[in-house]
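Please read the structure below before turning to the comments.
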Amino acid sequence: MTLNQLFQSLISYIPATNMNMRKAYQPDEIIPGVQYDIFSNTAKKNVAVFSIDNQGRLFYFSVEDEVLKRSNFTLKRDELIDKASHFVKTFYPEIYKDCKLASFFEIGNTYTVHFAYQDDQLHLFLPETGVTLFLTKSGEISAVISFHDKNTNIHYPDVMISAEAAKKQYLHHIEPELLIAPMDTYYIKDDGKFRLVYSIIERAIYIPAGEEKAYVQKDAIKQIPLHKPKKVKTNLHDIIGLKNYKLMKKKQTKKKRIEVWSALPNVIQKKTDFDMDEIDSCLMKLCFDKQNRLLQITSEETPPKVMSKSIGVEQAEEIAYRLLFHLYPKAHNQLIRIDDEVEMEDVYCFDFRWQYNNVRISHDIISIDVGKYSGRICSFNHQPLSKQRYEHVNTTPTLSKQTVKQIYADYVQMELRWFQDEESDYKLVYAPTFPKLAGVIRMIDAHTAQIFQTKKTELFF
């Protein structure tokens, strides 16, 4: 298929008119291959993008979300798979011939269909092979990603352990963590209420099918006790670091107020907007709610032209604590600090989470970034958590961790899968699955033993 033939075939999947093709002016570094934009002369904008490899084969295809015609009508499973199969047959005849349907699942308003190769001996699907398609509920192709060819290194273990032995190992590394969490739309049959639950933490996400040891992850969350700052500042602007900044613009709505401050007040900021997600050099954006509580800070740390010594993590921690205790004077009782060991180039990062009666609340993280050289608060983001949402929760669990592990053990089984160790190396592992359930167990109520599941989103199950 020539480039023009490929283009003519692709535009039949795009709900737009009068389209032409042009090489991408600013290619996306994440997308492999040579990229092309599909431009609609009628709409006067890009409506899709695709990329090809050095043999002219389609690597990637994506239609702009605003171009897709959203419909309340939902096709049946088999109809969606037929739509995906037709696309694969058209653009990937070899994959259509040699691959099989590996998975079909729903993520939000999108259905994902994956066709993959299987190994010759066990006939198990090989991850990162074949092609993945994303479809709207009405059957429109929104994106397509193809993977490498069947040039893979498959390693069969000399001696294989049983599924029962793998399950015993897997359960040994399960750690139920007590926390307060809202059962929101992330879960099947959600009700939005905060509950005391045990979150199922997997220390080993899979068990090698051979006799080698499983990789066991360390604790995902390391908690650090808070301490009050040594120096107390009462002026919010001084704490943030606005000493050399001037207020340039202000926008007031019913729900919030946004302020734009500039370090170069004599420079006209014509292109400056009030989008808190947009970072502008030499500017600081502050967002407050209608109660005048600080919600967000957006800025950027600009390293000095002549590289100087950073302020150090201890001083940065002191600055972060000043802001935290200014906003929440009882922060040492309300919050805990999370050390996720994330290192950024120009800022020190500090993350905090809510707690109630010494039980962590699964909610938005309060994040504070402090500039390594300026000492300014470069980024701050959180939404105040209403105590009324969680103060009804009984934080003394009825069930023990051991009981919860047994409940989990009654549902989980282990099945053989291929795990991609390197770019094209595959090793055989046992992975958890829940054959009796519609989803995957993530939480168990600490009082009633009710299980809370998330939808299955694995490529192979």
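Please read these numbers as outputs of a predicted model, since none were measured by experiment. Values reported hereafter were calculated over all heavy atoms of this structure, with side chains retained and with hydrogens, waters and symmetry mates removed. If you read the sequence from its start, that first residue is 1, and numbering goes on from there.
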Rounded to the nearest 0.5 Å, what separation is found between the [atom1] atom of [X] and the [atom2] atom of [Y]?
X: M1; Y: L10; atom1: CE; atom2: CG; answer: 8.0 Å
X: Q118; Y: K100; atom1: CD; atom2: NZ; answer: 5.0 Å
X: I224; Y: I338; atom1: CD1; atom2: CD1; answer: 8.0 Å
X: I141; Y: Y13; atom1: CD1; atom2: OH; answer: 6.5 Å
X: Y198; Y: L399; atom1: OH; atom2: CG; answer: 6.5 Å
X: I297; Y: L286; atom1: CD1; atom2: CG; answer: 5.0 Å

Can V113 and L135 be said to form a side chain to side chain contact (heavy atoms under 4.5 Å, CB included), step by step? CA-CA 8 Å; V113 184; L135 294 84; 3.9 Å; yes
Is the side chain of [X] donor-acceptor paired with the backbone N or O of [Y] at a distance under 3.5 Å, no angle test?
X: K285; Y: D275; result: yes
X: T433; Y: E415; result: no
X: T136; Y: E140; result: yes
X: T448; Y: D445; result: no
X: Y426; Y: P127; result: yes
X: H447; Y: N394; result: yes

Check ion pair [X]-[Y] (N to O, under 4.0 angstrom):
X: E106; Y: K137; value: yes
X: K372; Y: D346; value: no
X: K401; Y: E177; value: no
X: R57; Y: E94; value: no
X: K45; Y: E66; value: yes

Side-chain heavy atoms of [X] within contact of [Y], under 4.5 Å:
X: L122; Y: L428; value: yes
X: V63; Y: V47; value: no
X: R442; Y: Q453; value: no
X: Y411; Y: I441; value: yes
X: L335; Y: L324; value: yes
X: F350; Y: E317; value: yes
X: K290; Y: K254; value: no
X: Y111; Y: L75; value: no

Q.
Test side chain to side chain donor-acceptor pair (under 3.5 Å) on H114 and S103; report intermediate values, then the result.
A. CA-CA 5 Å; H114 186 77; S103 67; 5.6 Å; no
Within 45° cone and under 6.0 Å: R389 NZ/CZ vs F194 ring: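 R389 over F194 ring: no.
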Problem set entry | NZ or CZ of R417 within 45° of F125 ring axis and under 6.0 Å |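 Relative to the ring axis of F125, which defines the angle, R417 lies outside at least one limit.
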From CA spacing to verdict: side chain to side chain contact (heavy atoms under 4.5 Å, CB included), T129, F115 = CA-CA 8 Å; T129 63; F115 298 88; over 6 Å; no
Go through the structure and list residues passing ring-ring contact (aromatic ring centres under 6.0 Å, His included) with F434, not counting sequence neighbours.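 ring-ring contact (aromatic ring centres under 6.0 Å, His included) list for F434, sorted by chain: Y408.
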Is the ring pair W418/Y156 parallel, tilted or perpendicular, if the boundaries are 30 and 60 degrees? perpendicular
- Between Y328 and H382, what is the ring plane arrangement, given parallel below 30°, perpendicular above 60°, and tilted in between?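 Answer is perpendicular, since the angle exceeds 60°.
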Checklist entry - For R77 and E79, what are the C-alpha separation, side-chain angles and deciding distance, and is it a salt bridge (charged side-chain N to carboxylate O under 4.0 Å, His left out)? => result CA-CA 5 Å; R77 181 182 187 275; E79 293 174 318; over 6 Å; no
The test is salt bridge (charged side-chain N to carboxylate O under 4.0 Å, His left out); show your working for R203 and E175 and say whether it passes.
CA-CA 7 Å; R203 301 296 184 216; E175 181 63 32; 5.5 Å; no
Assess the residue pair F419 and H155 against the criterion (ring pair (Phe, Tyr, Trp, His ring centres under 6.0 Å)); give the C-alpha distance rounded to whole Å, side-chain angles, the decisive distance to 0.1 Å, and a yes or no. CA-CA 10 Å; F419 176 79; H155 304 284; over 10 Å; no
Original post:
Does NZ belonging to K83 count more than 12 external heavy atoms closer than 6.0 Å?
Top reply: no
Problem set entry | Intermediate values then yes/no, side chain to side chain contact (heavy atoms under 4.5 Å, CB included), R360 and I336 | CA-CA 8 Å; R360 184 169 66 86; I336 53 175; 3.8 Å; yes
